[in-house]
Amino acid sequence: MGEISMPKVVLLGRPNVGKSTLFNRLIRSNRAITHDRPGVTRDRLEGVVKRRGENDFLLVDTGGITLDGGPGDGPEDLRGYEAGILEQAKLAMREADLLCLVGNAREGLNPLDGRLADFLRTTGKPILLALNKVDGPDKEDLLSPDFYGLGLPLVCCSSAHGYNIRLLEEEIRARLPGAVSSHAERLEEDAGPDGEAPMRVALIGRPNAGKSSLLNALAGEERMLVSDKAGTTRDSVDVRVCLGGRELIFADTAGIRRRARISDAVERFSVSSAVRSSAGAHVSLLVLDGSEGLTQQDKRLIDLLDTRKAAFIILINKSDLIAPGQIQAAERLYRKDLDFCPHIPLLFVSAQSGLNLRRIVPAAVALREECLRRVGTGVLNRIMAQSLTRRQPPLVRGRRVKFFYLTQAESDPPAFVFFVNDPERVLPPYARYLEKFLREQIGLKHAPLRVHFRPAHADRRAAGRD
Ligand code: GDP
């Protein structure tokens, strides 16, 4: 039960982002012991986050990282930051299982946030962005947009008001080693007597995109088995549907109405609740209104789902309103707008005319299968060797990073780990090249994918350096 065996989460951020309030909120100091170890870990507070039925984790608060020198680009500039605090942060980071970058939504995105994010990324460790000082759901869309640009999974929260602290804690736990998230548990609970769980599908998208119409068209009202909790149409609803001999669960379909009462629901849309629904599903169908085109909010949601490694398909609904000859041109426009996530499948459909409805379930099934793919280490190491021959790693600060081996650490979604002598020398463009090559070689066309760079075992690292 010692702290050593507990997963470690390190909070990092600029001063005044609200890090210590967040720290206190998370450890709920009445229930945990906070200790300051003067001398050894100056400016470093540690506490245990406990919750009944969940594994404990150790939370480490580092001092606020400030900028001493002039602004510039790249992680090297971090050398100009207050050296002592940075050293402490680096020490804490080395032992961390998860890095939690804290941002201040009220002040907006600061260039230092971006450089810190780049710096954290060089560790290859999972990172979560806690965007603090967002006091409620109505403030999320107002205060958060710039921060999505950091490309990190993001939770809006308020340490002062307590908003989304529970969610933040869940998101942290879900990223720790050995985590079984509550969603994952829920996904397992659906398993039938034969042990095979029906696929859970989330239908998400703005009101009036046609989610209800699509579900009705796909399932046919009479075949929908709705477990509808009494109350308003905003309650969580699971719909079980048998399609092509396969049982699917359209999960948590708040805001989705059966035909009879399509007109009576007032649906509010929030990006974060859409993201939350997708986290509770194996595959999400993001429904867009093809007569309206892609809005900024749609793009933000897509970006967020993509950075959160959700498995999703974009359905451009109401394609009956696009002239048949224009669909290809429309597809090119969407693709151009979505060039940040070229692997996400796009399907032009129409709930009204029935266009491509038959392709939706097979596409979701194929995506799910990709998410569960496992690739052997032998194959992976051949792919790694090929990728290094085709394009050798660039010199970074006078040296080239050495690659030792590649393994698949997880599936659902697939995660691959390159073991290297020095992860800090793998810069983002080369990391992107490796990811693309890997996708092509193992045929993961549409699934979300994680690629990590970890230092190899200490003696191998020493051998690689000297
Ligand atoms: P939801 O809020 O996303 O569930 O959207 P609804 O299913 O309630 O649909 C919103 C409106 O769009 C309704 O008036 C539908 O009749 C209309 N609609 C839905 N799908 C289509 C489609 O494929 N083509 C056309 N032309 N209209 C559609």
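Counting convention: from 1, in listed order, for ligands and their atoms alike. For reference, positions follow the sequence shown, starting with 1. Every value quoted in this text rests on a predicted model; they were computed, and no experiment measured them.
- For CZ of Arg391, the number of neighbouring non-hydrogen atoms (other residues, nucleotides, ligands) closer than 6.0 Å is greater than 12.
- Remark: Arg359 CZ is loosely packed, at most 12 non-hydrogen atoms of other residues, nucleotides or ligands lying under 6.0 Å away.
- Look at Gly205 and you'll find every heavy atom at least 4.0 Å from all atoms of ligand 1.
- Taking every heavy atom of Pro207 and a limit of under 4.0 angstrom, the matching atoms of ligand 1 come to 2 (O).
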Side-chain donor-acceptor contacts of residues 322-335 below 3.5 Å, not counting sequence neighbours, with atom names and distances?
unit_1	atom_1	unit_2	atom_2	d
Arg335	NH1	Ile344	O	3.3
Arg335	NH2	Ile344	O	2.6

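- The distance criterion of under 3.5 Å between nitrogen or oxygen atoms is not met by Val349 with respect to ligand 1.
- Listed by chain and residue number, Ser159 satisfy the side chain to side chain contact (heavy atoms under 4.5 Å, CB included) test with Thr21 (two or more places apart in sequence, or in another chain).
- Among all heavy-atom pairs drawn from Ser350 and Ser319, the shortest one is CB-N, 4.1 Å.
- Taking every heavy atom of Lys211 and a limit of under 4.0 angstrom, the matching atoms of ligand 1 come to 1 (P), 2 (O), 3 (O), 4 (O), 5 (O), 7 (O).
- When non-hydrogen atoms are compared, ligand 1 lies under 4.0 Å from the backbone of Asn208 as well as from its side chain.
- Those atoms of ligand 1 with a heavy atom of Arg206 less than 4.0 angstrom away are 3 (O).
- The proximity of Leu321 to ligand 1, defined as any non-hydrogen pair under 4.0 Å, is limited to the side chain.
- Between Lys50 and Asp56 there is a salt bridge, since at least one side-chain N of the basic residue sits less than 4.0 Å from a carboxylate O of the acidic one.
- Interface of Asp320 with ligand 1, defined as ligand atoms under 4.0 Å from a residue heavy atom, comprises 22 (C), 23 (O), 24 (N), 25 (C), 26 (N).
- Checking only distances, Ser319 never comes within under 3.5 Å of ligand 1, N or O to N or O.
- Screening Lys309, His282, Arg374, Arg368 for a side-chain hydrogen bond (donor to acceptor under 3.5 Å, both in side chains) involving Asp412 leaves a single residue, Arg368.
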